[in-house]
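These numbers were taken from a predicted model, which means no experiment stands behind them.
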Amino acid sequence: MAAIVIVGAQWGDEGKGKATDILGGEVDYVVKPNGGNNAGHTVVVGGEKYELKLLPAGVLSENAVPILGNGVVINLEALFEEIDGLAARGANPERLRISANAHLVAPYHQVLDRVQERFLGKRAIGTTGRGIGPAYADKVNRIGIRVQDIFDESILRQKVTSALDVKNQILVKMYNRKAIDPETIVEYFLGYADRLRPMVIDADRVLNEALDEGKRVLMEGGQATMLDVDHGTYPFVTSSNPSAGGACVGSGIGPTRITTTLGIIKAYTTRVGAGPFPTELFDKWGEYLQTVGGEVGVNTGRKRRCGWYDSVIARYASRVNGFTDYFLTKLDVLTGIGEIPICVAYDVDGTRFDEMPMTQTDFHHAEPIFETMPAWDEDITGCTTFEELPQKAQDYVLRLEELSGCRMSYIGVGPGRDQTIVRHDVLMDN
């Protein structure tokens with residue numbers, strides 16, 4: 001048996017979709033354990049570009065069964081829109097299965113998300129406005145709506161009415177918005193019940209039985225370590241735990257069953273939304289990385305903030321997640337730029353930090369300490385082995401490996417599924 005976890009090591013958008021797509025063809029199940037339709041992936045297969053928003057990247061695999069785990073919050077309208085879009089392009093999303101314990105994003109969650117962000121003004125978190133945070137808040141407050149609830153109209157009506165008793169007071173009295181009719185929400189959910197029912201399963205039982213039978217399960221995390229609600233740059237984070245531990249909670253697979261934890265990390269650094277970002281660039285190189293790297297959010301269309309590789313964050317992510325391997329992506333973007341700075345430590349008011357500062361205040365004031373390495377000019381997009389890379393590219397990868405806390409087992413040299421150098425195949429260990 002093998003349970004493999006894929007986790008973003010930075011602020012998201014590292015290329016988790018590509019990694020999942022590559023490994024997903026050789027596993028039996030691909031599980032998304034957290035996030036919602038705010039945690040998109042871009043996958044290129046046979047020259048075709050797929051932008052997945054809620055569905056696991058494993059949905060494009062010909063063999064694996066894709067599952068939305070109990071830790072996901074699901075917008076049903078977005079779910080079926082994405083399923084229909086993939087089917088129209090010849091994919092087969094009907095294999096998708098969904099945990100009965102997953103929570104649902106209600107229309108009132110989206111309304112609250114947008115009005116709260118506007119109310120915060122300059123203090124806004126930078127959410128996607130998709131209702132993800134409010135849905136997770138209801139989950140923790142024990143007033144959430146779960147997938148299984150829409151198959152019991154009485155329970156559904158009771159839960160929706162209870163949730164809106166408070167929310168309507170907030171909308172009307174605090175935000176000067178109209179109250180939401182509970183019956184409208186009930187009918188909204190019931191309208192999806194028949195189509196949803198065949199997809200719903202007891203996911204943790206199915207997955208653990210699969211592991212007992214010697215099958216392979218891949219857990220595909222959304223977002224990334226630095227957006228983890230506990231371990232990220234709080235409060236500029238998501239509302240779930242997209243670190244390796246969160247994959248266990250969001251799938252029902254125990255930690256002792258995990259055999260590999262694969263961190264996905266970009267050859268430079270990006271983030272979307274507000275919050276501190278020590279290596280962020282505001283010059284021509286930031287614009288270069290954004291343009292050449294195609295750094296635009298899959299879900300939001302927002303341009304990503306860009307900066308140089310941050311090995312302090314890489315070491316922190318390695319420690320928090322217990323990474324066994326790294327998958328380095330977008331190495332090709334750095335071709336021909338002359339010299340490449342690497343952040344090796346921070347300076348905080350004259351004090352050097354080789355590891356992540358303990359407080360948000362120190363991290364907010366962190367200035368990067370760089371070392372530089374020469375870039376390469378050769379086109380690397382056709383390289384298939386590490387030895388085929390130019391020596392300077394090899395040196396850069398080896399230096400990142402030395403600084404980052406674990407081995408670089410995969411190297412992305414282009415967006416395509418086949419544009420990946422494999423130095424160590426983690427599936428060979430499982």
Side-chain angles (χ1 to χ4, degrees), residues 8-15 18-19 224 226 263-271 276-296 303-318 323 325-347 352-356 366-383 385-415 419-421 423:
Q10 296 158 320
W11 278 283
D13 309 307
E14 301 94 348
K18 177 180 179 178
M226 300 306 292
I264 316 302
I265 196 161
K266 205 174 287 185
Y268 48 98
T269 310
T270 63
R271 78 170 298 176
F277 182 0
T279 67
E280 184 172 10
L281 294 165
F282 301 95
D283 58 11
K284 67 174 184 178
W285 292 118
E287 184 177 346
Y288 175 89
L289 294 174
Q290 195 280 320
T291 302
V292 177
E295 299 299 347
V296 178
K303 290 184 178 181
R304 297 170 187 150
R305 300 157 63 189
C306 297
W308 301 120
Y309 188 90
D310 190 330
S311 64
V312 180
I313 285 176
R315 290 193 293 275
Y316 175 72
S318 297
F323 287 145
D325 302 83
Y326 263 129
F327 190 131
L328 183 71
T329 63
K330 293 198 170 182
L331 183 64
D332 54 299
V333 175
L334 300 179
T335 300
I337 68 171
E339 285 194 328
I340 313 172
I342 304 169
C343 175
V344 296
Y346 300 145
D347 180 283
R352 179 184 173 110
F353 283 75
D354 290 294
E355 299 298 338
M356 183 68 65
E367 295 290 337
I369 298 173
F370 288 117
E371 67 175 47
T372 59
M373 295 191 71
W376 51 95
D377 295 319
E378 301 89 336
D379 180 6
I380 65 171
T381 56
C383 294
T385 67
F386 186 68
E387 291 71 27
E388 289 179 12
L389 289 173
Q391 187 60 52
K392 291 176 182 178
Q394 293 185 39
D395 292 342
Y396 181 70
V397 172
L398 293 175
R399 182 56 177 152
L400 297 191
E401 184 174 73
E402 181 181 14
L403 289 167
S404 302
C406 71
R407 63 191 177 188
M408 298 286 176
S409 294
Y410 298 84
I411 303 166
V413 293
Q419 291 178 294
T420 303
I421 292 170
R423 293 179 69 207

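The two residues Glu14 and Lys266 have their closest heavy-atom pair at CA-CE, 3.8 Å. What you find for Gln419 and Thr381 is that their closest heavy atoms are NE2-O, 3.2 Å. Residues Ala19 and Ile264 come closest through the heavy atom pair CB-CD1, 3.6 Å. Of all the heavy atoms in Val296 and Gln290, the pair that sits closest is CG2-NE2, 3.6 Å. Here the shortest heavy-atom pairing between Tyr326 and Ala9 reads CE2-CB, 3.6 Å. Closest approach of Phe277 and Thr269 over heavy atoms only: CZ-O, 3.5 Å.
To the nearest 0.5 Å, atoms CG (Leu334) and CD1 (Ile380) are separated by 8.0 Å. Going from atom CG of Asp395 over to atom CE of Met373 covers 5.0 Å, rounded to the nearest 0.5 Å. Rounding to the nearest 0.5 Å gives a distance of 6.5 Å between CG of Leu289 and CD1 of Ile337. Taken to the nearest 0.5 Å, the CZ atom of Phe327 stands 9.5 Å off from the CD1 atom of Ile411. Rounded to the nearest 0.5 Å, atoms CD (Glu371) and CD1 (Ile342) are 5.0 Å apart. Put simply, CG on Asp354 and CZ on Arg315 are 6.0 Å apart, with the number rounded to the nearest 0.5 Å.
Glu295 places no side-chain N or O within donor-acceptor distance of the main-chain N or O of Arg304, the cut-off being under 3.5 Å. Looking only at distances, no side-chain donor or acceptor of Arg271 sits under 3.5 Å from a matching main-chain atom of Gly307. The backbone N or O of Cys343 lies less than 3.5 Å from a partner atom in the side chain of Ser311, making a donor-acceptor pair. For Thr279 (side chain) and Tyr309 (main-chain N/O), no donor-acceptor pair under 3.5 Å exists by modelled atom type. Looking at Arg305, its side chain never comes within 3.5 Å of a backbone N or O of Glu280 through a donor-acceptor pair. Of the possible polar contacts, none joining the Tyr346 side chain to the Pro278 backbone as a donor-acceptor pair under 3.5 Å is found. The backbone N or O of Gly293 sits less than 3.5 Å from a side-chain atom of Lys330, completing a donor-acceptor pair. A side-chain donor-acceptor contact under 3.5 Å links Asp283 to the backbone of Gly286. A donor-acceptor contact shorter than 3.5 Å is absent between the side chain of Glu367 and the backbone of Asp347. A donor-acceptor pair under 3.5 Å is formed between the side chain of Ser318 and the backbone N or O of Ser404.
Looking at Thr420 and Lys18, their side chains do bring a donor and an acceptor atom within 3.5 Å of each other. Between the side chains of Thr270 and Trp11, no donor N or O sits under 3.5 Å from an acceptor N or O.
Thr335 is listed as a side-chain neighbour of Trp376, based on a closest heavy-atom distance under 4.5 Å. In this structure the side chain of Val397 reaches within 4.5 angstrom of the side chain of Phe386, judged on heavy atoms. Looking at Cys383 and Ile421, their side chains come closer than 4.5 Å, going by heavy atoms from C-beta outward. Side chains of Leu389 and Leu331 form a contact here, defined as non-hydrogen atoms less than 4.5 Å apart.
Using a cut-off of 4.0 Å between Lys/Arg side-chain N and Asp/Glu carboxylate O, Glu402 and Arg399 are scored as salt-bridged.
Looking at residues two or more places apart in sequence or on another chain, you find no salt bridge (Lys or Arg N to Asp or Glu O under 4.0 Å) involving Glu378.
Within a 6.0 Å sphere centred on CD of Glu287, other residues, nucleotides and ligands contribute 12 heavy atoms or fewer.
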